[in-house]
Amino acid sequence: MLYLIGLGLGDEKDVTVKGLEVIRSCARVYLEAYTSILTVRKETLEEFYGRELILADRETVEQEADEILRDAAVSDVALLVVGDPFGATTHSDLILRAAKAGIQHHVIHNASILTAVGCCGLQLYNFGETVSIVFWTDTWKPESFYDKIRRNRLSGMHTLCLLDIKVKEQSIENLMKGNKAFEPPRYMTVNQAVDQLLEIVQNRRELGEELALTENTICAGLARVGASDQKISAGTLQQLSSVDFGGPLHSLVISGCMHPLELDMLKLFAVEQSTFEQINIEDSSTYLSS
């Protein structure tokens with residue numbers, strides 16, 4: 001059997017009882033280590049689970065799946081995933097590979113940022129398409145995520161923005177030389193995501209486009225959701241650019257049309273209370289601004 005086990009969002013104790021029982025019984029246990037991270041080290045997990053964990057990076061999961069599936073037809077193998085196993089499409093691919101090889105699978109679910117984002121006060125059924133914001137480079141500055149946010153806001157929906165993670169990445173120079181040297185891990189902050197969005201807003205403004213959001217759009221920044229030092233701040237896009245959210249992982253939420261209850265919840269995390277006192281509920285149904 002191949003088990004995909006969600007670990008939740010916080011620390012070693014967020015695993016379910018069922019998940020822990022399976023972890024302790026499997027012949028081999030892999031820890032997927034590139035789509036997200038916990039707030040504790042691998043060694044802490046091993047001590048709590050009572051098991052040695054094999055780190056599985058992107059290359060292992062996506063290109064060397066046979067290694068994970070080895071012997072799974074005759075013994076139990078587990079892949080541990082931060083959050084919920086279906087929070088990343090990579091894991092669906094692994095299940096399809098297992099099915100093709102005639103290997104049974106079982107999924108043990110857990111909390112994911114896709115549901116835990118409700119902690120900021122915005123209601124889950126009012127969210128539209130989830131968006132990924134990637135790190136820009138000097139020569140590559142995609143804006144497709146802005147257009148998805150625009151579509152959500154046209155429908156009055158909130159947008160959860162998942163922020164980029166760079167783990168075990170190679171520089172262009174090392175790639176060209178064939179060197180197996182990797183860059184230090186990088187985790188996009190709310191501030192970096194906001195800065196990129198503000199640059200896009202200015203670019204679209206200069207083109208004379210009707211804007212999907214502005215510097216004054218109400219947003220929420222989230223950091224380390226599920227951990228004991230979880231941080232949430234709500235305010236305008238411009239205000240969030242200067243908030244210190246601390247260590248990873250971060251997420252950003254762009255509001256759509258807000259119910260009065262949602263506004264009241266956001267006020268609990270306000271960067272400046274006066275920002276929310278100025279909001280008229282009727283005005284929150286206006287999504288586009290020039």
Listed once per pair and sorted, the salt bridge (charged side-chain N to carboxylate O under 4.0 Å, His left out) pairs that draw on residues 248-265, sequence neighbours left out: Asp264-Lys267
Could you tabulate the donor-acceptor pairs under 3.5 Å formed by side-chain atoms of residues 108-121, not counting sequence neighbours?
residue: His109; atom: ND1; partner: Asp84; partner atom: OD1; Å: 2.9
residue: His109; atom: ND1; partner: Asp84; partner atom: OD2; Å: 3.4
residue: Asn110; atom: ND2; partner: Gly6; partner atom: O; Å: 3.1
residue: Asn110; atom: ND2; partner: Asp14; partner atom: O; Å: 3.0
residue: Ser112; atom: OG; partner: Leu114; partner atom: N; Å: 3.1
residue: Thr115; atom: OG1; partner: Ser112; partner atom: O; Å: 3.1

Residues Ile149, Cys161; criterion side-chain contact (heavy atoms from CB on, under 4.5 Å); working and verdict: CA-CA 9 Å; Ile149 294 170; Cys161 302; 4.0 Å; yes
Working to the nearest 0.5 angstrom, can you tell me the gap between [X] [atom1] and [Y] [atom2]?
{"X": "Ile200", "Y": "Ile133", "atom1": "CD1", "atom2": "CD1", "answer": "7.5 Å"}
{"X": "Ile103", "Y": "Ile68", "atom1": "CD1", "atom2": "CD1", "answer": "11.0 Å"}
{"X": "Thr44", "Y": "Glu12", "atom1": "OG1", "atom2": "CD", "answer": "6.0 Å"}
{"X": "Ser155", "Y": "Arg150", "atom1": "OG", "atom2": "CZ", "answer": "10.5 Å"}
{"X": "Asn152", "Y": "Ile254", "atom1": "CG", "atom2": "CD1", "answer": "10.0 Å"}
{"X": "Lys148", "Y": "Thr159", "atom1": "NZ", "atom2": "OG1", "answer": "11.0 Å"}

Has [X] got a side-chain atom pairing as donor or acceptor with [Y]'s backbone, closer than 3.5 angstrom?
{"X": "Ser25", "Y": "Val22", "value": "yes"}
{"X": "Asn191", "Y": "Asp244", "value": "no"}
{"X": "Gln196", "Y": "Val134", "value": "yes"}
{"X": "Arg204", "Y": "Glu209", "value": "no"}
{"X": "Ser241", "Y": "Val194", "value": "no"}
{"X": "Arg224", "Y": "Gly247", "value": "yes"}

Qualifying ring-ring contact (aromatic ring centres under 6.0 Å, His included) pairs, either residue in residues 120-162, two or more places apart: Phe127-His158
Pairs where residues 208-258 contributes a residue and the test ring-ring contact (aromatic ring centres under 6.0 Å, His included) is met, not counting sequence neighbours: Phe245-His250
Heavy-atom side-chain proximity of [X] to [Y] below 4.5 angstrom:
{"X": "Val243", "Y": "Val190", "answer": "no"}
{"X": "Leu45", "Y": "Val40", "answer": "yes"}
{"X": "Pro184", "Y": "Lys166", "answer": "no"}

May I ask whether [X] and [Y] are part of the same hydrophobic cluster, defined by side-chain heavy atoms of I, L, V, M, F, W, Y residues being less than 4.5 angstrom apart, directly or through others?
{"X": "Leu55", "Y": "Leu94", "answer": "no"}
{"X": "Leu79", "Y": "Val29", "answer": "no"}
{"X": "Leu124", "Y": "Leu263", "answer": "yes"}
{"X": "Phe48", "Y": "Tyr3", "answer": "yes"}
{"X": "Val77", "Y": "Ile95", "answer": "yes"}

Please identify each residue that fulfils side-chain contact (heavy atoms from CB on, under 4.5 Å) with [X], with sequence neighbours left out.
{"X": "Ser132", "value": "Leu162"}
{"X": "Phe269", "value": "Ile232, Ala234"}
{"X": "Glu206", "value": "Gln202"}
{"X": "Thr39", "value": "Asp11, Ala227"}

Give the minimum heavy-atom separation between [X] and [Y], together with the two atoms involved.
{"X": "Val225", "Y": "Gln230", "value": "CA-OE1, 3.5 Å"}
{"X": "Leu9", "Y": "Gly83", "value": "CD2-CA, 4.1 Å"}
{"X": "Leu240", "Y": "Gly221", "value": "CD1-N, 3.7 Å"}
{"X": "Phe276", "Y": "Gly235", "value": "CZ-N, 4.1 Å"}
{"X": "Leu69", "Y": "Leu2", "value": "CD2-CD2, 3.7 Å"}

side-chain contact (heavy atoms from CB on, under 4.5 Å) between Leu213 and Val201, worked out: CA-CA 7 Å; Leu213 65 160; Val201 167; 4.2 Å; yes
Residues Ile165, Ile37; criterion side-chain contact (heavy atoms from CB on, under 4.5 Å); working and verdict: CA-CA 9 Å; Ile165 297 174; Ile37 59 169; 5.8 Å; no
Test side-chain contact (heavy atoms from CB on, under 4.5 Å) applied to Leu122 and Leu266, step by step: CA-CA 8 Å; Leu122 298 180; Leu266 282 179; 3.8 Å; yes
By side-chain hydrogen bond (donor to acceptor under 3.5 Å, both in side chains) - contacts of Arg70 (at least two apart): Glu67
Glu215: partners by side-chain hydrogen bond (donor to acceptor under 3.5 Å, both in side chains), with sequence neighbours left out: Arg205
Cationic N near anionic O, under 4.0 Å, Arg97 to Asp93: yes
Connected-component partners of Leu96 among ILVMFWY, side-chain separation under 4.5 Å: none
Contact list for residues 45-54, test side-chain hydrogen bond (donor to acceptor under 3.5 Å, both in side chains), sequence neighbours left out: Lys42-Glu46
Whether over 12 other heavy atoms sit under 6.0 Å from Gln123 CD: yes
